[in-house]
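Owing to the predicted nature of the structure, the values given are computational and were not obtained by experimental measurement.
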Amino acid sequence: MLQIKNLHVSIDGREILKGFSLEINKGEIHAIMGPNGTGKSTLGNVLAGKDGYEITSGEILFNGENLLELEAHERAQKGLFLAFQYPVEIPGVSNANFLKAAVNEQRKAMGLEPIAPGEFLKMMREKMELVEMKKDFISRSVNQGFSGGEKKRNEIFQMAMLNPQLAILDETDSGLDIDALRIVANGVNKLHTPENAFIVITHYQRLLDYIVPDFVHVMFDGKIVKTGDKNLALELEAKGYEQFELA
Amino acid sequence: MSNTQDDILEEVVNADYKYGFVTDIEQEFAPKGLSEDIVRFISAKKEEPEWMLEWRLKAFREWQKMTEPHWANVHFPKVDFQEIIYYAAPKVKPQLDSLDQVDPEILKTFEKLGISLDEQKRLSGVAMDVVFDSVSVKTTFQETLKEKGIIFCSMSDAIKNHGELVKKYIGTVVPQKDNFYAALNSAVFSDGSFCYIPKGVRCPMELSTYFRINSAGSGQFERTLLIADEGAYVSYLEGCTAPQRDENQLHAAVVELIAFDNAEIKYSTVQNWYPGNKDGVGGVYNFVTKRGMCKGNSSKISWTQVETGSAITWKYPSCILAGDNSIGEFYSVAVTNGFQQADTGTKMIHIGKNTKSRIVSKGISAGKSQNSYRGLVKIHKKAEGSRNFSQCDSLLMGDQCGAHTFPYLEVSNKTAKVEHEATTSKIGEDMLFYFQQRGIDEETAVAMIVNGFCKEVMDHLPMEFAVEAKKLLEVSLEGSVG
């Protein structure tokens, strides 16, 4: 589904990703772990198409298509989703309006008619249950006045509404208490099917108690330095990242 | 009649000589500049009664003593008032045979605004087919109003046919010497609208200048007077969303509203004058005095405005809440882009007991524009139990524009309650990326943010007007981010 080959990315002339490669197939969950400043969030942003990054070499194929040639909104319409580490607040735009626009843009890209209002409302109610959102959520402005936990739950809720093929969770666990963590992880597990895939970016092993990855990658200094199964995460928790520091 | 006219004509012609200006009454234009003779010339051209001329002359004399105000947060080259032509006969637009002859740029904007083909033809002066017979529409409209006893006509017609009403009320809300531009308007106003709703009558349709007979060429100094007698109701629409170009750079309109006991006036404006080119050259200066008087008890005046045009906007639709329990409202969206400058807001003057006012102002600044809110809430000594709520929100797009808020409060009664809230937000890259990551392109994202920001004001516009205004906002801000 996704192939990243020898990706080099710079910001303002400073190289952040230094030969990053990764292959992801349908149905897989990949965890990417590593200390601060190794380029984990950069990877998420580059995949999603955020401006301000210079791709100096390498390629990214998404279902065989050159991802780097697509605009950010086109990537999203093709089923790539980024759950933000810091979701922004959008005053004056209700969650319902925001998601209706998002769902309809996706449908338009697939050649479908806009969703019927009744059907949309039903879908919202169903997915809201998944992340235990309160009813007044629909009419509230996107993320405005939300607590940290609510914002992260909203990311998972949006993911549920858009049903992406590939979802990247960028430190979705950071700043969450144990209840919120359980709700978020539970949402992800329910959405996981043999047809989609997840990249879970995290600092800590904690989230991986709830979301069990097929692969764990250790990222260090802009590339993957070690790959293993879920036990690698436990090992990291015990020994820390120091073992990867370059001599 | 013709004798008086000749007398005036003679007087004008002779008097003009000493100022070195020769003209005859058949001429379509007055010479440049402003003098008492020009005021007389305008009044004579319009065949006005003596009292109207005297009224204009009084205004002119006041104007001569005044200087231009400079307190507004706007900057522009000094206007040379002697370089302006103050009277031109209403021009008949050249008739075009088809839309193909219209400037394609204008057509593109019409299309973006969703203006129907027939409407496009009307606005561009293309000959109309039989299906869209505007004359018959207008006639039916006028007949309905007549049945209800409603007077709705041009100011010139009102001066001729309803002189007693005009004489009684003109200048009672905005006196001739109110301010520099109001004085100028009072001296030289060209035309405008007059409306009178009799006691207990609820005007059955939205009144708009579009339906006013003889509406052609009301010009740069428009004067509007609207009176709602006891228990009457009227909703009035001014302006239109289609871009309006005008060769006259200076516009100084005056609008006066009067509401008697239990009457309600709802006045909605969409203003889209030419804002100048992308370098900020050539736009319209819009200096407007709008004021409503809640004269009667439990009367209500509500201003709603969507301002997107003009190079410079200087405008403060206000309410004088004289009657007990009267209500004043001001809902405003002011958009500035490019090099536009807007200094707009309202004044709520509480005089009667238990008067209430509500101010909701939304300013959107983009490009290199400057957008200022300026508002005064004044509670008089006797205004027991009065209430005001003000909300001023600013939305910034990009980092080269400015938003400013100047709220003034004068409270002289201890029982009054005044609240003011203000917010500033910015459409940043992160916000746009958030939309894009959900599959929504940048242009749609900006439109959604802006519409969300303005919703509370737009909800107060009459339905179809709101739909057009929403599109207008999108067009005005197109390409201003990124």
Side-chain angles (χ1 to χ4, degrees), chain A residues 44-53 70-110 139-144 151 154-155 157-159 161-164 167-168 170, chain B residues 306 331-333 335 360-365 391-399 403 421-460 466 469-470 473-474 477 479 481-482:
Chain A
N45 287 338
V46 167
L47 287 173
K50 191 176 184 183
D51 282 340
Y53 296 90
L70 300 175
E71 297 279 339
H73 65 270
E74 294 168 331
R75 300 182 195 191
Q77 287 164 5
K78 286 179 190 284
L80 190 143
F81 184 90
L82 175 66
F84 287 84
Q85 185 178 0
Y86 304 108
V88 294
E89 301 193 4
I90 308 169
V93 179
S94 71
N95 282 297
N97 270 341
F98 180 71
L99 275 166
K100 200 157 109 192
V103 166
N104 282 335
E105 288 298 326
Q106 195 183 45
R107 291 174 67 99
K108 198 163 87 187
M110 292 192 289
S139 54
R140 284 170 69 186
S141 293
V142 178
N143 292 327
Q144 201 179 27
K151 283 182 185 169
N154 192 15
E155 294 295 293
F157 167 67
Q158 291 179 24
M159 184 171 87
M161 291 294 289
L162 293 168
N163 195 23
I168 304 150
D170 187 4
Chain B
V306 175
Y331 297 97
S332 167
V333 170
V335 179
V360 178
S361 161
K362 307 276 183 178
I364 302 172
S365 340
Q391 168 93 45
C392 303
D393 298 324
S394 307
L395 184 66
L396 298 168
M397 302 169 79
D399 47 18
E421 286 177 13
T423 66
T424 302
S425 48
K426 191 176 165 177
I427 301 187
E429 269 176 39
D430 284 347
M431 197 187 275
L432 290 175
F433 180 56
Y434 195 80
F435 276 89
Q436 288 170 302
Q437 213 304 300
R438 301 302 184 245
I440 302 164
D441 66 32
E442 195 170 280
E443 215 168 282
T444 313
V446 171
M448 284 179 74
I449 296 166
V450 167
N451 284 324
F453 180 76
C454 302
K455 189 170 180 298
E456 200 182 341
V457 173
M458 297 306 224
D459 285 352
H460 282 87
K470 209 171 133 176
L473 285 184
E474 290 166 17
L477 290 166
V481 170

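For the options Ser94(A), Gly52(A), Ala101(A), heavy-atom pairs under 4.5 Å to chain B are most numerous at Ala101(A). Your options are Ala445(B), Gly439(B), Cys454(B), and the one with the most heavy-atom pairs under 4.5 Å with chain A is Gly439(B). In terms of non-hydrogen atom pairs under 4.5 Å with chain B, the most contact-rich of Gln77(A), Glu74(A), Lys50(A) is Lys50(A). Counting heavy-atom pairs closer than 4.5 Å to chain A, the top residue among Arg438(B), Lys455(B), Met448(B) is Arg438(B).
Looking at Val142(A), only its side chain comes within 4.5 Å of chain B, counting heavy atoms on both sides. Contacts between Leu162(A) and chain B at a heavy-atom distance below 4.5 Å involve the side chain alone, from C-beta outward. Both the backbone and the side chain of Leu80(A) come within contact range of chain B, with heavy atoms under 4.5 Å apart. Contacts between Pro164(A) and chain B at a heavy-atom distance below 4.5 Å are absent for every atom of the residue. With a 4.5 angstrom heavy-atom cutoff, Gln158(A) touches chain B only via side-chain atoms. Contacts of Phe98(A) with chain B are made by both backbone and side-chain atoms, with heavy-atom separations under 4.5 Å.
For the pair Val360(B) and Lys362(B), the tightest heavy-atom approach, listed with the atom from each and the gap, is CG1-CE, 3.9 Å. For the pair Ile440(B) and Ala102(A), the tightest heavy-atom approach, listed with the atom from each and the gap, is CD1-N, 3.7 Å.
Side-chain polar atoms of Tyr434(B) and Asn143(A) form a donor-acceptor pair below 3.5 angstrom.
You'll find the side chain of Lys151(A) reaches within 4.5 Å of the side chain of Glu89(A), heavy atoms only.
Counting heavy atoms of neighbouring residues, nucleotides and ligands inside a 6.0 Å radius, atom NZ of Lys100(A) does not exceed 12 of them. Other residues, nucleotides and ligands contribute only 12 or fewer heavy atoms inside 6.0 Å of the CG atom of Asp51(A).
A perpendicular orientation is assigned to the rings of Phe84(A) and Phe433(B), their planes being inclined by more than 60° (bins at 30° and 60°).
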